[in-house]
Amino acid sequence: MLLNIKNLHVSIGGKEILKGFNLGVNEGEIHAIMGPNGTGKSTWAAAVTGREGYDITEGEIWYKGQNIVGMPPEERANLGIFLSFQYPVEIPGVSMQNFMRTAVNAKREYQGLPPMSMIDFTKMMKQKQAMVEITEKLQNRYVNVGFSGGEKKKNEIFQMAMLEPELSILDETDSGLDIDALRIVANGVNQLHNEHNAFVVITHYQRLLDYIVPDFVHVMYDGRIVKSGDKKLALELEEKGYEWVKELKL
Amino acid sequence: MDSNPKENIIEEVTNKDYEFGFVTDIETDFIPKGLNEDIIRLISKKKEEPEWLLEFRLKAFRHWLTLKMPTWAHLTIPPIDFQDIIYYAAPKQRKEKKSLDEVDPELLATFDKLGISLDEQKKLSGVAVDAVMDSTSVKTTFQETLSKHGIIFMSFSEAVKQHPDLVKKYLGKVVPYTDNFFAALNSAVFSDGSFCYVPKGVRCPIELSTYFRINAANTGQFERTLIVADEGAYVSYMEGCTAPQRDENQLHAAIVEIISERDAEVKYSTVQNWYPGDKDGKGGIYNFVTKRGICRGDNAKISWTQVETGSAITWKYPSCILKGDNTVAEFYSVAVTNNYQQADTGTKMIHIGKNSRSTIISKGISAGHSQNGYRGLVKVVPEAANCRNFSQCDSLLLGDQCGAHTWPYVECGNDSSILEHEATTSKISEDQLFYCNQRGIPTEKAIGLIVNGYAKDVLNKLPMEFAVEAQKLLSITLEGSVG
């Protein structure tokens, strides 16, 4: 199993947000986590990626055979965990090219490989940009600075393509996207998906799942998964609304 | 998870050693400690100076005696005993160095270690270097190439001997000895420095550079740089500096004067990397420097670019007097302070000519327990119609123990001029760091990336040779700091 989360409890500033979260993800699978706002979906993503301030009070996160609780975020990233941010962060003055080169070479260093040559890197950038239909001007633009909502999300998927992670978590990637951008983003994910990697798609709406078809759908409420099923569950949820989830909980 | 790993990281701030803290073991010619008219006569004699220069020194000294150290800067300066300083120290070496072979190998090794090759054959890029150790110039390279164009670039002492009329014509014209306490002190005891004169219509084909090195203990360094671009001339000049790591503080009080005549342009860049003291604030250089340029003729241009990472205390305001019409002056600065460093730095732009334009971009970065201040004046006299100034002063804070301050002063004497001022204060956000971490970039590297991005507008103005160095230096200086 690629990722196995057992009885995860996470607190922020002493307040418990995740209250016994369990999830297993195998290579090749696409999972969707759905649920109403404030139910702990983004907290879960932050805990898995190792963000500071998310205190794991109980439970284990097994990834590629090791419990990664306490591991620094950059090491988790270099082990192949990628988060597509709900709100991508701006870094003024740092070009996308410089940023990605630093990231790609950090991973290579972690793996004991020499830095990638500028020629290979440029080639790779060009190729991956095309995948998410980003113009070549991207490389000289500063990280997310002045990007439209759609561009930011496409840029996240572009970075995913560059870093070739085994586990990708997409946190509300569909929020704020028009239908064209949504199609491009989903298309990128589908191209990257193969039998060796897995995706966990966090979303509020069923809409994205028309494009990225999940093998499993989990419904989250009050810090844990309250119901799991196949893609039909997403449709059921869409139809019955989140009020129904609250009843499930009871 | 650690309750607050951020704090741990802040504590680790610059555990990285100062790279240039070594001492060269070389026989040095000292004069006795202390400051009086005899000492000044002795310095002048050692340098075999003409009478007029001795007179200049003595006048400056007498004026200095009437002054008190300025206290208006936002700096805590321990009392300095000016009688406890050695005002002249020179590495002993044979006179009349005709070729590199005659320069003491120990000195060459020192400059090699600093990354400054004095061997013209070995230099890849065309940069002429004047290497100054303590009170004297060791070697100036590419003299022949330059003289073909009529360009004079040599140590100040040498210029006094070979071109006394030029030196006399320009010395003290931009920074008179009456200017301030440290300018008066420098004018009394200055030992060496660089002199550069680019004649009418000549575009200097290579970069000129001076490298200042303090080596001897208990000495002060008081160098003087004078750069003159005659009508229509162009020159790009760079200055670098380092000092050994010592527990006591050492004083560095320099003067730089730039004269840009009609249609001339002078670009002055410096990466200041004096020893900043240790992480507890012990030792380090006091850098009390007066730098000023004048755009004397119409359409003249001067630009200052500085990257300030060193010194325990920095007191420095490279300024421009825009005297001619349509003159242009620029000031680009990155000032980094860490640990217990203090910096009070900025610029003055004095608009006298019509349609004169100035730009100020100042980027302060403070970490550790340091204090980092920008102090600037933009002054437009009533006759200076249609002037423009744009000022941008940004501060970046790393951690919560440091301080950033901005004191922009504006005096506008007419209403046809447009002055703009923008200022921001920011911290490296946790969001930015986590975003980098999540892409596999460790925190140290992420800070380097973010800080270099922040300072990019200024770093881009540096000559290529300096830009790479400066980028590395910024990352090293801030290694370990997180906000």
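Note on naming: letters A, B, ... go to the chains in the order of the sequence lines (proteins, then strands), and numbering restarts at 1 for each one. If you're wondering where the values come from, they're calculated on a predicted model, not measured in any experiment.
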For the [atom1] atom of [X] and the [atom2] atom of [Y], what is their distance to the nearest 0.5 Å?
| X | Y | atom1 | atom2 | answer |
| --- | --- | --- | --- | --- |
| A:T102 | B:L449 | OG1 | CG | 4.5 Å |
| B:N437 | A:E75 | CG | CD | 11.5 Å |
| A:N144 | B:Q432 | CG | CD | 10.5 Å |

For residues 111-122 of chain A, which side-chain N or O atoms pair as donor and acceptor with protein atoms under 3.5 Å away, sequence neighbours left out?
residue	atom	partner	partner atom	Å
A:S117	OG	A:D120	N	3.1
A:S117	OG	A:D120	OD2	3.4
A:T122	OG1	A:M118	O	2.6

Which bit of [X] comes within less than 4.5 Å of chain B, counting heavy atoms only: side chain, backbone, both or neither?
| X | answer |
| --- | --- |
| A:Y142 | side chain |
| A:V104 | neither |
| A:P88 | both |

Side-chain contact test, heavy atoms from C-beta onward, threshold under 4.5 Å: evaluate it for [X] versus [Y] and give yes or no.
| X | Y | result |
| --- | --- | --- |
| A:I91 | B:I450 | yes |
| A:V94 | B:Y454 | no |
| A:E74 | B:P442 | yes |

> Closest heavy-atom contact between A:L83 and B:R439?
Replying inline: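 Looking at all heavy atoms of both residues, the shortest contact is O-NH1, 2.8 Å.
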> For B:Q438 and A:A77, which heavy atoms make the closest approach, and how far apart are they?
Replying inline: O-CB, 3.0 Å
> Quick one: of B:G440, B:A446, B:C436, who has the most non-hydrogen atom pairs under 4.5 Å with chain A?
Replying inline: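 The option with the most such pairs is B:G440.
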> Can you say whether the rings of A:F85 and B:Y435 are parallel (under 30°), tilted (30 to 60°) or perpendicular (over 60°)?
Replying inline: perpendicular
> When you look at NZ of A:K126, are more than 12 heavy atoms from neighbouring residues, nucleotides or ligands closer to it than 6.0 Å?
Replying inline: no
> Within a reach of under 6.0 Å around CZ of A:F147, are more than 12 heavy atoms found that belong to other residues, nucleotides or ligands?
Replying inline: yes
>> Working note: A:F99 + B:I441, criterion side chain to side chain contact (heavy atoms under 4.5 Å, CB included); need CA distance, chi angles, decisive distance, verdict.
In response: CA-CA 9 Å; A:F99 182 68; B:I441 303 168; 3.9 Å; yes
> Applying salt bridge (Lys or Arg N to Asp or Glu O under 4.0 Å), which residue pairs with at least one partner in residues 101-117 of chain A are found, sequence neighbours left out?
Replying inline: A:E109-B:K445
